[in-house]
There are 2 protein chains.
Amino acid sequence: MECQTKDFGQEYKAEMRAVRDSMDVLNGKWKIPILSSLCYYHKRRFSDILKDSVGISNRMLSKELKELEINKLVERTIIDTQPITVEYKLTEHGKTLRTLINHLTDWGIAHRKVITGK
Amino acid sequence: MECQTKDFGQEYKAEMRAVRDSMDVLNGKWKIPILSSLCYYHKRRFSDILKDSVGISNRMLSKELKELEINKLVERTIIDTQPITVEYKLTEHGKTLRTLINHLTDWGIAHRKVITGK
DNA sequence: CTGAATCCTCTGCGATACTG
DNA sequence: CAGTATCGCAGAGGATTCAG
């Protein structure tokens with residue numbers, strides 16, 4: 001594989017911005033665990049995601065879900081029970097992350113082999 | 001695309017670990033700019049990468065390069081000039097990152113379209 | 001049950017100065 | 001030139017408590 005971009009000026013800056021956009025979305029300790037939970041259970045309640053993402057606090061979960069919603073990756077639905085419950089699910093756009101996460105997974109596995117030699 | 005993993009227990013945990021491995025390597029403000037510089041210029045000196053990665057401090061560059069070297073993504077070669085210079089380049093393993101970065105770029109572009117609508 | 005509010009700690013990162 | 005050493009701040013994230 002040729003390891004070059006055509007132009008280290010223009011195109012390079014655009015690429016940097018795009019990669020940063022992706023990283024910003026995925027960044028932090030909890031984004032991917034949360035997304036994975038929503039990916040598996042197509043609908044999931046707050047307290048359930050809390051259990052799936054082992055170790056997270058409600059403060060963090062709340063914050064992260066809000067960001068994911070702002071980024072149009074997750075949809076929030078209030079269910080009018082007593083007491084109120086809330087359901088979260090991936091948007092169509094959110095589902096496209098699955099592919100990206102798969103790539104990250106694959107490279108991570110290959111990388112671990114290189115580092116640990118196994 | 002079906003958005004599921006086969007098993008939310010076993011396989012899920014392995015995937016989480018792999019993704020985190022990838023993210024750890026790429027994490028932080030400067031890893032990708034540095035890698036991109038090395039990707040374009042197949043060999044590059046410390047002071048040059050410093051200029052490529054606009055805004056980075058020598059302290060940070062030094063730290064990041066060290067981490068990349070530990071992760072076997074980058075190779076360091078001391079050139080015995082006066083004063084000494086040092087050349088960095090991607091390892092074979094490091095070059096495999098290009099593909100991953102491309103995926104991150106592509107998704108970042110698509111994501112920006114969704115968010116900004118343009 | 002689903003958060004919001006507070007408080008506190010720890011880490012990433014910038015600025016600057018110094019060394020071989 | 002290629003780093004290392006020190007300092008300081010801002011933001012990420014944990015624990016706990018409160019509210020609708």
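Below, chain A is the first sequence line, B the second, and so on; all start at residue 1. Excluded from the calculations below are hydrogen atoms, water molecules and symmetry mates; all remaining heavy atoms, backbone and side chain alike, are included.
With respect to the salt-bridge test (charged N to carboxylate O, under 4.0 angstrom), the residues Lys29(A) and Glu64(A) do not qualify. Between Glu69(A) and Lys66(A), none of the side-chain N atoms (NZ, or NE/NH1/NH2) sits under 4.0 Å from a carboxylate O, so this pair counts as no salt bridge.
For the pair Leu50(A) CG and dT2(C) P, the interatomic distance rounds to 9 Å; values are reported in whole Å. Summarising the geometry, the separation between NZ on Lys29(A) and C1' on dG12(C) is reported as 15 Å, rounded to the nearest angstrom. The nearest whole Å value for the distance from the CZ atom in Phe46(A) to the P atom in dA19(D) is 18 Å. The CG-P distance, from Asp24(B) to dT11(C), rounds to 14 Å in whole Å.
Within the helix from dC1(C)-dG20(D) to dG20(C)-dC1(D), the inter-axis angle between the opening and closing five-pair segments is 40°, rounded to 10°.
Considering CZ of Arg76(A) and CG of Leu65(A), their distance stands at 9.0 Å, rounded to 0.5 Å. Expressed to the nearest 0.5 Å, how far NZ of Lys89(B) lies from NE2 of His42(B) amounts to 11.0 Å. If you take CG on Leu61(A) and CG on Asp52(A), they are separated by 10.0 Å, rounding to the nearest 0.5 Å.
Applying the ring pair (Phe, Tyr, Trp, His ring centres under 6.0 Å) definition to pairs two or more places apart or across chains, those involving residues 72-96 of chain B are Trp107(A)-His93(B), His111(A)-His93(B).
Between the side chain of Ser62(B) and the main chain of Asn58(B), no donor-acceptor pair closer than 3.5 Å is present. When atom types are taken as modelled, the side chain of Ser37(B) and the backbone of Pro33(B) share no donor-acceptor pair closer than 3.5 angstrom.
Within residues 55-88 of chain A, the residues approaching DNA chain C are Asn58(A), Arg59(A), Ser62(A), Lys66(A), Arg76(A), Pro83(A), Ile84(A), Thr85(A), Val86(A), Tyr88(A), by heavy-atom distance under 4.0 Å.
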